[in-house]
Amino acid sequence: MNQAMPLPKYHQIYLVLREQLHDGKFAQGVPSELALMQQFSVARVTVRRALAQLAQEGLISREPGRGTRALAPLGAAKAKPVGPKSQRAQLTGLLENLVTMGLRTTVKVLSVQYLPAPEEVAMALQLQVGDGVQKAQRVRLTKDGPLSHITTWVPETIARNFGRKELAQKPILMLLEESGVKVGRAEQSISAKLADASMAQHLDVALGSALLAVSRLIYDTEDKPIQWLHGLYRPDRYEYQMQLSRVGSIDAKVWVSKELSANFH
């Protein structure tokens with residue numbers, strides 16, 4: 001557990017489990033009390049308090065002899081296309097910056113799989129459920145250590161041109177373009193998540209630490225989705241900057257972004 005967080009241990013566990021329920025990770029059942037005790041290195045009473053809070057909010061059902069099950073994922077069962085509240089970026093801004101960042105860091109490829117597209121992936125990439133996609137998971141590192149954990153989904157028709165070796169050597173945007181794709185624009189949303197046990201290990205942070213969560217959908221010049229990315233970043237090594245300017249008449253001025261950048265340190 002994160003000893004620096006001014007929260008009781010049971011509440012930290014509650015927050016992590018609540019987020020995992022939101023992500024739909026417990027569709028096959030919530031781990032047992034014993035498994036949670038081992039995962040979080042806490043006593044049974046601490047786990048029970050966390051589960052009781054989730055049950056009180058109607059997120060899980062606990063039945064003697066039948067275990068604990070999720071009642072209704074909070075929102076991740078179906079993917080939502082990145083909506084109008086997300087940030088739109090042009091290649092001359094954010095995407096070029098991401099390529100530059102990719103060239104200035106190193107990457108560890110955790111896995112590369114070719115599999116049928118799950119429903120949420122198919123929705124995002126405008127594919128049919130079951131169409132082939134490449135799922136790649138990587139950890140990007142700076143000289144100071146882990147920076148981010150990245151999961152990318154790319155249609156198999158494109159991704160067959162590169163695999164583990166190429167992903168370890170070049171930014172995926174460069175590989176897409178080398179595959180004949182003309183990268184156009186991106187839609188991106190940014191939020192926050194808490195590190196679960198797996199992310200805590202990959203990013204070398206304490207369990208329950210706050211991470212910057214980025215979801216990015218990249219289109220080609222014909223406005224067809226070509227890559228869906230989910231990234232978790234250490235906020236102490238990554239920052240997202242925007243330059244804003246005001247436009248419009250004097251009584252209806254609004255802020256618009258002039259340039260986007262993603263920096264690491």
Side-chain angles (χ1 to χ4, degrees), residues 1-86 115 117-124 129 135 137 148-151 153 188-203 205-217 228-235:
M1 302 303 298
N2 189 346
Q3 304 297 333
M5 292 181 68
L7 295 172
K9 288 183 178 179
Y10 84 88
H11 195 73
Q12 293 185 46
I13 296 172
Y14 154 78
L15 291 174
V16 172
L17 294 179
R18 186 177 189 276
E19 192 164 273
Q20 291 178 330
L21 284 164
H22 174 84
D23 290 341
K25 292 186 177 180
F26 298 139
Q28 305 304 317
V30 178
S32 66
E33 290 183 359
L34 179 60
L36 292 173
M37 290 166 57
Q38 294 172 343
Q39 176 181 345
F40 293 101
S41 300
V42 295
R44 186 181 296 271
V45 64
T46 305
V47 168
R48 286 182 171 175
R49 287 192 67 181
L51 294 175
Q53 189 165 346
L54 292 169
Q56 184 178 359
E57 294 184 11
L59 302 178
I60 61 173
S61 172
R62 308 191 70 200
E63 301 178 27
R66 299 186 62 182
T68 303
R69 62 185 178 88
L71 290 180
L74 295 178
K78 290 183 179 291
K80 296 180 180 179
V82 182
K85 292 184 179 180
S86 62
L115 66 163
E119 183 179 359
E120 60 178 358
V121 176
M123 286 180 61
V129 175
K135 177 185 179 183
Q137 294 183 301
S148 61
H149 180 281
I150 303 294
T151 301
W153 301 84
Q188 176 169 277
S189 62
I190 301 175
S191 59
K193 285 186 176 293
L194 301 178
D196 60 17
S198 176
M199 287 305 110
Q201 182 176 9
H202 284 311
L203 296 180
V205 296
L207 185 68
S209 297
L211 300 173
L212 188 65
V214 175
S215 178
R216 184 181 306 126
L217 189 59
W228 196 32
L229 175 149
H230 294 282
L232 293 172
Y233 295 79
R234 286 185 50 150

Please evaluate residues V42 and V47 with respect to the criterion side-chain contact (heavy atoms from CB on, under 4.5 Å), reporting the C-alpha separation (whole Å), side-chain torsions for both, the decisive distance (0.1 Å), and the verdict. CA-CA 7 Å; V42 295; V47 168; 3.7 Å; yes
For a side-chain contact (heavy atoms from CB on, under 4.5 Å) check, start with the C-alpha distance between R18 and Q53, then their side-chain angles and the critical distance, and finish with the verdict. CA-CA 10 Å; R18 186 177 189 276; Q53 189 165 346; over 6 Å; no
What's the verdict on side-chain contact (heavy atoms from CB on, under 4.5 Å) for L229 and I150, showing C-alpha distance, side-chain angles and the deciding distance? CA-CA 7 Å; L229 175 149; I150 303 294; 3.5 Å; yes
Worked check of side-chain contact (heavy atoms from CB on, under 4.5 Å) between L17 and L36: CA-CA 10 Å; L17 294 179; L36 292 173; 4.0 Å; yes
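The two residues Q12 and L207 make their nearest non-hydrogen contact at OE1-O, 4.2 Å. Of all the heavy atoms in A50 and Y10, the pair that sits closest is CB-O, 3.4 Å. Scanning all heavy atoms of the two residues, the minimum distance from H230 to S215 falls at CE1-OG, 3.7 Å. Taking each heavy atom of A210 and L194 in turn, the nearest pair found is CA-CD2, 4.2 Å. Of all the heavy atoms in P235 and L212, the pair that sits closest is CD-N, 4.4 Å. The minimum heavy-atom distance between W228 and V121, with the atom names listed, is CZ3-CA, 3.8 Å.
Taking NE2 of H149 as the reference point, atom OG of S198 lies at 6.0 Å (rounded to 0.5 Å). One finds the CD atom of Q137 at 4.0 Å from the OG1 atom of T151 (value rounded to the nearest 0.5 Å). Rounding to the nearest 0.5 Å gives a distance of 10.0 Å between CD of E57 and CG of L21. Between the OG1 atom of T68 and the CG atom of L59 there is a distance of 12.5 Å, given to the nearest 0.5 Å. For the atom pair S148 OG and H202 NE2, the distance stands at 12.0 Å (nearest 0.5 Å).
Sorted by first and then second residue, the salt bridge (charged side-chain N to carboxylate O under 4.0 Å, His left out) pairs involving residues 192-201 (not counting sequence neighbours) are D23-K193, K25-D196.
With sequence neighbours excluded, no residue forms a ring-ring contact (aromatic ring centres under 6.0 Å, His included) with F26. When the salt bridge (Lys or Arg N to Asp or Glu O under 4.0 Å) test is applied to E33, the partners found at least two apart in sequence or on another chain are R44, R48, R62.
Counting non-hydrogen atoms of other residues, nucleotides and ligands closer than 6.0 Å to CD of E63 gives a total above 12.
A distance-only check finds a donor-acceptor pair linking the side chain of R234 to the backbone of L203 [under 3.5 Å].
Aromatic ring orientation, Y14 versus H11: tilted (interplanar angle from 30° to 60°).
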